[in-house]
Every structure is written in C-alpha cells, then in structure tokens.
> 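The structure that follows is given in the form of structure tokens.
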Protein chains: 2
Amino acid sequence: MAKKPVKLDDVAREAGVSKTTVSRVLNQRGYLSEETIAKVQRAMEKLNYRPNAIARQLYKQETKLVGLIFPTIDDPFFGQLEAALENELYRRGYKVLMGNSQNNPAKERSFLRQLLNRQVDGLIVGAHNQAIGEYQRTNLPIVSIEQIVSRNVPVVASDNYNGGRLATQRLLDDGCQHIIHTNYPEDIPTPNHERRLAYEELLRQHGQTPITYHISFDDPVEKKRAIIRQIFEDHPEVDGIFADNDTNAGLIINIAGEFKRLIPEDLRVVGYDGANATRILLPQLTTIQQPINQMAETAVAMLQARINGEQMASKMLPVKIIDGGTA
Amino acid sequence: MAKKPVKLDDVAREAGVSKTTVSRVLNQRGYLSEETIAKVQRAMEKLNYRPNAIARQLYKQETKLVGLIFPTIDDPFFGQLEAALENELYRRGYKVLMGNSQNNPAKERSFLRQLLNRQVDGLIVGAHNQAIGEYQRTNLPIVSIEQIVSRNVPVVASDNYNGGRLATQRLLDDGCQHIIHTNYPEDIPTPNHERRLAYEELLRQHGQTPITYHISFDDPVEKKRAIIRQIFEDHPEVDGIFADNDTNAGLIINIAGEFKRLIPEDLRVVGYDGANATRILLPQLTTIQQPINQMAETAVAMLQARINGEQMASKMLPVKIIDGGTA
DNA sequence: CTGAAAGCGCTAACAA
DNA sequence: TTGTTAGCGCTTTCAG
C-alpha cells in the first residue's frame, strides 16, 4: 500500500541527528560541519526525502502562490497575458493558481473566497464580473489589469483612450464616411469604454454620428456573429469598422465576405489587442497593439511591491497601431 | 499595521465554546445544538473569520490542487485544452496550479520538483521535454495528454494515425500530386508522429514520395516562417500541404500569398487541431479537429480515478475532418 | 451535545 | 556546532 511518505524526522533518525539539523541542511542556514551536512544528505538521498511544502507554508505563513483570475484563458489576449504573467511570476519564485471566471459570478466568488483563505500571497485579476464584494473586504495584495475592481486596487491598463483615437483617426484618414464601433455593453465597468469615448469624440468632431454595437466578451460566438450581421443589415452604408478586439475584427472580416464586401476596398477594419496568436493567423489585420508582455511585467512588479507592503499607484502603458492591409 | 488574522481559537473565545465546536460548525460534522451553531456563526461573522486553508491541508494531507504542465498556454490548442481542464477540475472541487514549461527543461524540472513536494494531489502533463526522470520516480497520480511520459502514466490521445490518414486522403482526393507535410523533429517523443506515419504510408501507396519539413512547436515564429518559405523554394511543384497544426497551416496560407499561390486553386492546405480560436479567425481552413474538450474531460476523469487509487489504461479519442475551403 | 489534548511536518528561539 | 522545545492553525479521536 501507499507507505507513509518520508518526513524530516525519519531523515533525522537515519542520519543520527536532530530535526533541527536536518532543517538547517535543507535551508542552508546556520553553522554546520561538512561532515554533518554530508551525513544528512546521504540520509535524504537514501530515503528519497521530499520536504512537505504545505508544512513549511503553514509555518511561514506564505505560499509563494499567486492567484490569477481572468474570464478565460482560451483567447489570444488573455492567453498571452497569462503566459507572460506566469513567466514573470516564476522568475520571482511564485507559482500560479489559475481561475477562469467565465461568465459566472458564482464561480468567481467561490474561487476568490477560497483563495482569500491564505492560499495565495497575492492576486492579479482581470475578470469582468461586477460587484464582487470580497475584493473590497480583504487586505490581500491585489493588482488588476484593464479592469476597475475596487478603490484600493491599483490598475495596470494600456492607454485605451489613445488607442481609440488612433484607430478612429486611421479610418477617418482613409476617408471612411460611415464608421461603426463594437464594444462591451456599457454597464460592464472596463476601461474599454475609453476606446468608445475616443471614437465618439473624434467622430463628432468630423460631423459623423457615432454608432456602437455591443458585443460581450463572453457571448457565444454565434451570438457575436449575429450581432455583426446585424451591422451590415442595419447599415449597408458602413465603410469602416473599429472593433474593440481582434477576435471581433476577425469575425467582421469573415462576415464582410458573406456580404460580398471587399476589404479594404469596400470596408476598412481596425482591430484591437495585437496579440501574437492573432498576428500569426491574421497578419493582414490593422490593429491597435497593447503592450501585453509589458503589462504583465508591470503588474507583477506592482504586486511584488504590494506584497512587500508598499503602496502602489495605477499605471498606464502606451499602445501603438500596427499597419496591416485592412485599414 | 497588518493585524494578525483571526483564527479558529479567536472565534471559539468570542463564542465562548471550544475550538472543536467551532471546527464542527465549520465542517458541519457531528451533533450540535441550533443555539451553539448560531452563536458560533455570529462570532465568525463578527470577526470576519476566514479558515486557514493551509492548516487544513496539512492535517488532511491533501490540497485539492492539480498541477498542469504544458509547453505554453498562449496557443489556441493548449489554451482551449487548459481552459477545459480547469473547468472540469473546478467542477470536481480542484483548483489548478499552472506551469508552462516552454522550451525549458530546467523550468519544467524545477516546477515538477516543487509540485511533487505534496503541493498537489495530482498532475496532468503534456509538455514536450524529454527524459525528466522525476516523472518516473514518483507515485503521485499523473495523467498525460498527447504525450508519452513514462511507462506508468496513462495517456489520453486523439487518434493521430487516423487524423493523418484523413488529412492525406483529402489532399489525394483533391488530386494533389506533390504533397508535403510539416511535423516535429523526429527525436521529440510525441504521438504527432503517428500523423506523419499515416501520411508517409498513404503517399507511398499512391506512388508519391513523402517529404516532411520539421518545425518545432517551440520555434520562434520567424524561424517557422523561414522553414515554410524553404518549402516553396525547394519544391515549387508543391500543390498540397498537410500541416501538423493550425498555426503552421495559417503561416503556410499567408506565405503562399507571398509566393503568389492561390488557395485552393494552386495549393491545397489541411491543418490540424481545429481549436475554437483558430476556427474563429480562420474559418476557411480545412482541418482535422481533435476533440479537445472531450480529451480534457477524459483526462480529468482518469486523474480522479488514479487519485482514488484505481489503475487506468490509456485512452484514444476519435478525430474528424472539418470542411473549409482550403482543401 | 461538547471539550481536552494530540498531532499533521516543518522552523526557529533559546540553550547548551 | 548541535539539540530541545514550542508552535504555525486546523481536525479528530476519545472521554465526558
């Protein structure tokens, strides 16, 4: 049967020393004779000893784990972001507990509640669910990405307003007369709305009427397609679309084909995000690129500082336009 | 300053009962009077008590954590797979510790070593690094996906051989005379090679000479592009390509454009994986679809069984061809 | 129905 | 240079 795992005590007995000594060898702390070290190491090898991380965590009151709460990982933007976060956290000695909230406040809450039970040393969140009171009532170090969570949680965001400006300006420069925008429903509190605000302002300055179609990130893809088809049906005159993310831009490009629109001749499209995976599959897409890796690094650095007890201010990072052929 | 977190003892004192009683209320175990329960609950509320998960884990000797070790999460296939795994594990009460091995055996080993220290109740792996001895020497429950890890680790795989057959047959049916294949270098032990074997057999049966170009999953994208350009330079006669994954298929389609090849007229392309994200951005791609979600469910069910002490045999799941316009 | 006490495996004062 | 001992916060026999 599963024989009991070897513990520090067993090693001590095998080596003929005390637990303290073994612990010291393990952590390379304090003064020890070469001889003792060798003896203990031999015993550890012989018994194939593996220290119990949980016991250490209990004593130290830290787990070297960071929780990541995002809507999903199955998406070019979030995939790249979480990969970069994991990488950066690993460099600093942290491992990652991943929680996908999906479109499910109950899941997010339950997940969060468990992590708050001293399972993690900190949290990086970018989920879209609202009014999860738990975020406010904890003093666990938290940093959020592109998401407003609570007054005391610093945010790492890209310059959404300027991104919206760059995208809209490009379409205007291209001579588009009927520019439409897609974005989240307005009741979801995300900095994405800055993109829409920039679009609206610029359009008004040019005497055009802003029109935004709302597509939720969590909508099933068929629903997204339906909303996009609606754009072409409601507004056959549309000659430019600024999509709030590249997945939607991809859908738009494909549905434009259904409606026999040539891109960029009949319709110009600008996307948003510029994640690696999208750029591989859709290199022709003109898009606003977020500095995803840099956002990850910044968020991790800020979290580390918060874990060390420092206060941190929110930070905004610049975006840039990537020239493809669609606008 | 950070005041000490409330512990069970504090609740007990506040409620005027023993720790045992509080623990019982917490776990809803044993007989308790309504009155005591209410009293304890009031005390927990008042003190905003959060049980310490680590202490419980130490006692119970289980963490309800499962480690996921894959090359990366920033990829349509692995993104969808890990999202599905997380979802399925969460349903069963497990949380996910994510480790991206990247192209880095040292990272994989260090990660693995830490997880083996009783940090997780089990492991699901699909990383490509070889000969990590740690996998053999542990009796932690492990299941692998599309990857041969060790004799005693059951594998969940899709029917790679049949996938290779379906793809190649499609190109042959299309009348292709010069079919080329891309796949991993042969020294990486992955079931992907079954796809190549099927391709080679079928091609020989039809009197064609199989030619495989090797592209590592972990190659930087510019290197992948270079290898694909090489295909067109070495073999201008190529009229069909069977790519071993959709990302490569996407690259091929774009590079075909550089070489002025029309798809499907001049060149037919079949991809592999059929992940959601790819199908959104590249719906026109004909590809072999793996049952990603089902693979995740199967792997989790098998892991659960192994955690419960059962032995498990490897399992193979069927694939199907998705008709796009590229072949 | 409730409590006292032992112990999960490790670390670190403090003593020697 | 090493050992004794208490304790991290929780659960659970066992006794009342």
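Below, all heavy atoms of this structure are taken into account, side chains as well, without hydrogens, waters or symmetry copies. In this text the structure is predicted, and so the values were computed from the model without any measurement. Per chain, numbering begins at 1; letters A, B, ... match sequence-line order.
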> To the nearest 0.5 angstrom, please state how far the CE atom of A:Met98 sits from the CG atom of B:Leu97.
10.0 Å
> Out of D:dT12, C:dC10, C:dA13, which has the shortest distance to the side chain of A:Arg56?
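Nucleotide nearest to A:Arg56's side chain: C:dC10.
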> Considering just the side-chain nitrogens and oxygens of B:Ser18, establish if one lies under 4.0 Å of OP1 or OP2 belonging to C:dT2.
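Indeed not, no polar side-chain atom of B:Ser18 lies that close.
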> Are any of B:Asn27's side-chain N or O atoms less than 4.0 Å away from OP1 or OP2 of D:dT11?
yes
> Round to the nearest Å and state the distance from A:Lys60 atom NZ to D:dG9 atom P.
15 Å
> May I have the distance from B:Arg13 (atom CZ) to D:dC10 (atom C1'), rounded to whole angstrom?
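Atom CZ in B:Arg13 sits about 15 Å away from atom C1' in D:dC10.
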> Would you say the ring centroid of A:Phe217 lies under 6.0 angstrom from that of A:Phe78?
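So the answer is yes for these two rings.
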> Of the options D:dT11, C:dC10, C:dA12, whose atoms approach the side-chain atoms of B:Leu8 most closely?
D:dT11
> Just how far, in rounded Å, is C1' of D:dT11 from CD1 of A:Ile54?
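My rounded result for the distance is 16 Å.
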> Between C:dC8, C:dT11, D:dG9, which nucleotide gets closest to the side-chain atoms of A:Lys7?
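Nearest nucleotide to the side chain: C:dC8.
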> Measure from CG on B:Asp10 to C1' on D:dC8 and round the result to the nearest Å.
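Between C1' of D:dC8 and CG of B:Asp10: 14 Å.
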> I'd like to know if A:Glu86 pairs up with B:Lys107 as an ion pair, taking the criterion as any Lys NZ or Arg NE/NH1/NH2 lying under 4.0 Å from an Asp or Glu carboxylate oxygen.
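Yes, this pair counts.
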> Nearest to the side chain of B:Leu26, heavy atoms from C-beta on, is which of C:dG9, D:dT11, C:dT2?
D:dT11
> Regarding A:Ser33, tell me which of base, sugar-phosphate or nothing describes its non-hydrogen contacts under 4.0 Å with the strands shown.
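Contact class for A:Ser33: sugar-phosphate only.
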> Would you indicate which nucleotide in C:dT11, D:dG3, C:dG3 comes nearest to any side-chain atom of A:Arg24?
D:dG3
> Are side-chain N/O atoms of B:Ser18 and B:Thr21 paired as donor and acceptor at under 3.5 Å?
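Side chains of B:Ser18 and B:Thr21: pair found under 3.5 Å.
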> Taking the nucleotide of DNA chain C with the closest heavy atom to each, which residue, B:Ile37 or B:Tyr59, is nearer the 5' end?
B:Ile37
> Can you tell which of A:Val156, A:Val149, A:Val125 makes a side chain to side chain contact (heavy atoms under 4.5 Å, CB included) with A:Val143?
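Among A:Val156, A:Val149, A:Val125, the one that satisfies the side chain to side chain contact (heavy atoms under 4.5 Å, CB included) with A:Val143 is A:Val156.
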> Do B:Thr20 and C:dA4 have a side chain to base donor-acceptor pair shorter than 3.5 Å?
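For B:Thr20, whose side chain was compared with the base of C:dA4, there is a donor-acceptor pair (under 3.5 Å).
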> Over how many whole Å does the gap from A:Lys19 atom NZ to D:dA6 atom C1' extend?
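Roughly 10 Å, once rounded to whole Å.
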> If you assign each of B:Arg118 and A:Arg29 to its closest nucleotide in DNA chain C, which residue comes earlier from the 5' end?
B:Arg118
> If the cut-off is 4.0 Å, is B:Gln61 near the phosphate of C:dG9, judged by side-chain N/O to OP1 or OP2?
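It does, given that an N or O in the side chain of B:Gln61 lies less than 4.0 Å from OP1 or OP2 of C:dG9.
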> Using the side-chain heavy atoms of A:Tyr31, tell me which of these nucleotides is nearest: D:dT1, D:dG9, C:dC10.
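Looking only at heavy atoms from C-beta outward on A:Tyr31, the closest nucleotide is D:dT1.
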> Quick one: B:Gln57 CD to C:dC8 P, roughly how many Å, whole number?
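Answer to the nearest Å: 17 Å.
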> For a quick test of reading the model: is some side-chain N or O of B:Thr21 closer than 4.0 Å to OP1 or OP2 of C:dC1?
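Checking C:dC1 against B:Thr21, no side-chain N or O comes under 4.0 Å of OP1 or OP2.
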> With respect to the phosphate group of D:dG9, does any side-chain polar atom (N or O) of B:Tyr49 fall under 4.0 Å of OP1 or OP2?
no
> Return the value, rounded to whole Å, for the distance between atom CD of B:Gln119 and atom P of C:dG9.
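One finds 16 Å between P of C:dG9 and CD of B:Gln119, rounded.
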> Any Lys/Arg nitrogen of A:Glu88 or A:Arg91 sitting under 4.0 Å from an Asp/Glu carboxylate oxygen of the other?
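Salt bridge between A:Glu88 and A:Arg91, a charged N being under 4.0 Å from a carboxylate O: yes.
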> Look at the side chain of A:Leu58 and decide which nucleotide, out of C:dG9, D:dC14, D:dT11, has an atom nearest to it.
C:dG9
> Between D:dG9 and B:Arg50, counting only base atoms on the nucleotide and side-chain atoms on the residue, is there a donor-acceptor pair under 3.5 Å?
no
